[in-house]
Amino acid sequence: MRGGAFTSRGLAIVLVCVVSLVGCCGLAWWQWTRFESASGTFQNLGYVLQWPLFGFFPAFVVWRIRRLDAQRKAEPPAVAPTPVVTVDAVRTPVADEDDELAVYNRYLAELNARDR
């Protein structure tokens, strides 16, 4: 929707918003006729007020997304975060380390080396 001309995507968005509004206003009218009938309740009147809000919701979402996108484009680029400095753990020799534990510890050391 740049330059005043609608793209097919922009036209589809407008069409969805209009269809939503028309459909929800039709449902509000139906609830109004139910409210005016002999079996109508105040719940029907509540729906009369609620349906138009549902109809305007897609247009609100489009407006909100465009506004957030414009804000994101107007902000300066984010500064790269400072790197996290890690300290290697002090390894103390274990006197009673069995073979299975030694294999597991070598596996963990290998995984740690791969991550770096």
Side-chain angles (χ1 to χ4, degrees):
M1 298 200 307
R2 294 186 178 105
F6 281 104
T7 62
S8 61
R9 183 174 141 200
L11 196 57
I13 290 172
V14 168
L15 183 64
V16 167
C17 290
V18 169
V19 167
S20 170
L21 182 60
V22 168
C24 288
C25 285
L27 289 168
W29 177 258
W30 171 65
Q31 286 294 332
W32 179 256
T33 59
R34 294 276 305 151
F35 173 69
E36 288 183 328
S37 71
S39 64
T41 64
F42 282 103
Q43 183 177 10
N44 297 114
L45 182 61
Y47 287 137
V48 168
L49 302 173
Q50 191 175 13
W51 278 113
L53 294 176
F54 289 153
F56 280 115
F57 186 72
F60 168 75
V61 169
V62 170
W63 171 79
R64 180 74 174 147
I65 288 172
R66 291 177 60 96
R67 187 171 144 212
L68 289 174
D69 191 42
Q71 282 179 352
R72 183 185 53 84
K73 289 178 182 175
E75 290 177 358
V79 178
T82 54
V84 177
V85 178
T86 59
V87 178
D88 290 334
V90 176
R91 183 164 172 153
T92 57
V94 177
D96 58 291
E97 188 175 277
D98 63 351
D99 292 335
E100 189 175 334
L101 183 59
V103 169
Y104 182 68
N105 284 335
R106 280 194 300 274
Y107 172 71
L108 291 178
E110 181 183 317
L111 287 178
N112 187 27
R114 276 192 227 161
D115 284 343
R116 294 176 187 230

**Q** Holding to side-chain hydrogen bond (donor to acceptor under 3.5 Å, both in side chains), I want the full list of residues that pass it with Arg114, two or more places apart in sequence or in another chain.
**A**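 Here the qualifying residues are Glu110.
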**Q** Going from CD1 on Ile13 to OG1 on Thr7, what distance comes out if it is rounded to the nearest 0.5 angstrom?
**A**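 Rounded to the nearest 0.5 Å, the CD1-OG1 separation comes out at 7.5 Å.
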**Q** Scan residues 59-87 for pairs that pass ring pair (Phe, Tyr, Trp, His ring centres under 6.0 Å), counting only residues two or more places apart or in two chains.
**A**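 Only Phe60-Trp63 qualify under ring pair (Phe, Tyr, Trp, His ring centres under 6.0 Å).
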**Q** With sequence neighbours excluded, tell me which residues meet side-chain hydrogen bond (donor to acceptor under 3.5 Å, both in side chains) with Asp69.
**A**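 Applying side-chain hydrogen bond (donor to acceptor under 3.5 Å, both in side chains) to Asp69 gives Arg72, Lys73.
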**Q** When rounded to the nearest 0.5 angstrom, what is the spacing between CG in Leu111 and CG in Asp115?
**A**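 Those atoms lie 7.0 Å apart.
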**Q** I'd like to check the side chain to side chain contact (heavy atoms under 4.5 Å, CB included) partners of Val61; sequence neighbours left out, ordered by chain and number.
**A**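 By the side chain to side chain contact (heavy atoms under 4.5 Å, CB included) rule, Val61 matches Phe57, Ile65.
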**Q** Any side chain to side chain donor-acceptor pair (under 3.5 Å) involving residues 11-30? Give me the pairs, sequence neighbours left out, ordered by first then second residue.
**A**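 Output for this query is empty, none listed.
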**Q** Sequence neighbours left out, cut at 3.5 Å: what donor-acceptor pairs do the side chains of residues 39-48 make with other protein atoms?
**A**
residue	atom	partner	partner atom	Å
Thr41	OG1	Gln43	N	3.3
Thr41	OG1	Asn44	OD1	3.3
Gln43	NE2	Tyr47	OH	3.2
Asn44	OD1	Thr41	N	3.0
Asn44	ND2	Gln31	OE1	2.7

**Q** Partners of Glu100 by salt bridge (Lys or Arg N to Asp or Glu O under 4.0 Å), sequence neighbours excluded?
**A**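 Not a single residue meets the salt bridge (Lys or Arg N to Asp or Glu O under 4.0 Å) criterion with Glu100.
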**Q** Can you list the residues that meet the side chain to side chain contact (heavy atoms under 4.5 Å, CB included) rule with Phe54, with sequence neighbours excluded?
**A**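 For Phe54 the side chain to side chain contact (heavy atoms under 4.5 Å, CB included) partners, ignoring immediate neighbours, are Cys24, Gln50, Trp51.
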**Q** In the hydrophobic cluster built from side-chain contacts under 4.5 Å, what are the other members alongside Leu53?
**A**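 When side chains under 4.5 Å apart are linked, Leu53 ends up in no cluster with other residues.
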**Q** For Val19, which residues count as a side chain to side chain contact (heavy atoms under 4.5 Å, CB included) partner, sequence neighbours excluded?
**A**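 Side chain to side chain contact (heavy atoms under 4.5 Å, CB included) check on Val19 returns Leu15.
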**Q** With sequence neighbours excluded, tell me which residues meet side chain to side chain contact (heavy atoms under 4.5 Å, CB included) with Gln71.
**A**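 Per chain and number, Gln71 pairs via side chain to side chain contact (heavy atoms under 4.5 Å, CB included) with Arg67, Leu68.
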**Q** If you link ILVMFWY side chains whenever their heavy atoms are less than 4.5 Å apart, which other residues fall into the same cluster as Leu21? By chain and number, please.
**A**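 Hydrophobic cluster check, Leu21: joined to Phe56.
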